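Keep in mind that this is a model prediction, so the values were computed, not measured. In this chain, numbering begins with 1 at the start of the sequence shown.
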Amino acid sequence: MANRYEQIAADMRKQIEDGALPAAARLPSESALALQHRVGLPTVRHGGGDG
């Protein structure tokens with residue numbers, strides 16, 4: 001099973017690939033991602049630097 005930060009990064013990639021997050025759109029804030037995935041900011045930050 002993947003770490004939470006890996007799951008968050010994979011989810012973001014999938015949303016971009018599927019067009020749910022258009023190329024010109026702003027990405028959700030770290031705070032919004034933390035709330036959405038029910039994790040702390042360090043976990044979100046780790047996932048964001050993973051790509």
Side-chain angles (χ1 to χ4, degrees):
M1 186 166 175
N3 291 319
R4 290 294 291 154
Y5 69 87
E6 292 171 326
Q7 292 173 346
I8 293 167
D11 182 54
M12 295 293 293
R13 280 191 294 275
K14 182 167 177 17
Q15 288 183 40
I16 292 168
E17 291 168 358
D18 292 347
L21 290 172
R26 298 186 106 191
L27 297 177
S29 69
E30 291 176 339
S31 298
L33 288 171
L35 286 172
Q36 177 183 352
H37 293 278
R38 298 177 186 203
V39 297
L41 287 175
T43 302
V44 171
R45 289 180 181 138
H46 193 139
D50 194 44

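Remark: side-chain polar atoms of Arg4 are paired, donor with acceptor, to backbone N or O of His37 under 3.5 angstrom.
To the nearest 0.5 angstrom, Thr43 atom OG1 is 11.0 Å from Gln7 atom CD. Expressed to the nearest 0.5 Å, how far CD1 of Ile8 lies from NE2 of His46 amounts to 10.5 Å. In this structure, the separation between CG on Leu41 and OG on Ser29 is 8.5 Å, given to the nearest 0.5 Å.
Nearest heavy atom pair, residue Asp11 against residue Gln36, reads OD2-NE2, 4.0 Å.
Partners of Leu21 under the side chain to side chain contact (heavy atoms under 4.5 Å, CB included) rule, at least two apart in sequence or in another chain, are Met12, Gln15, Ile16, Leu27, Pro28.
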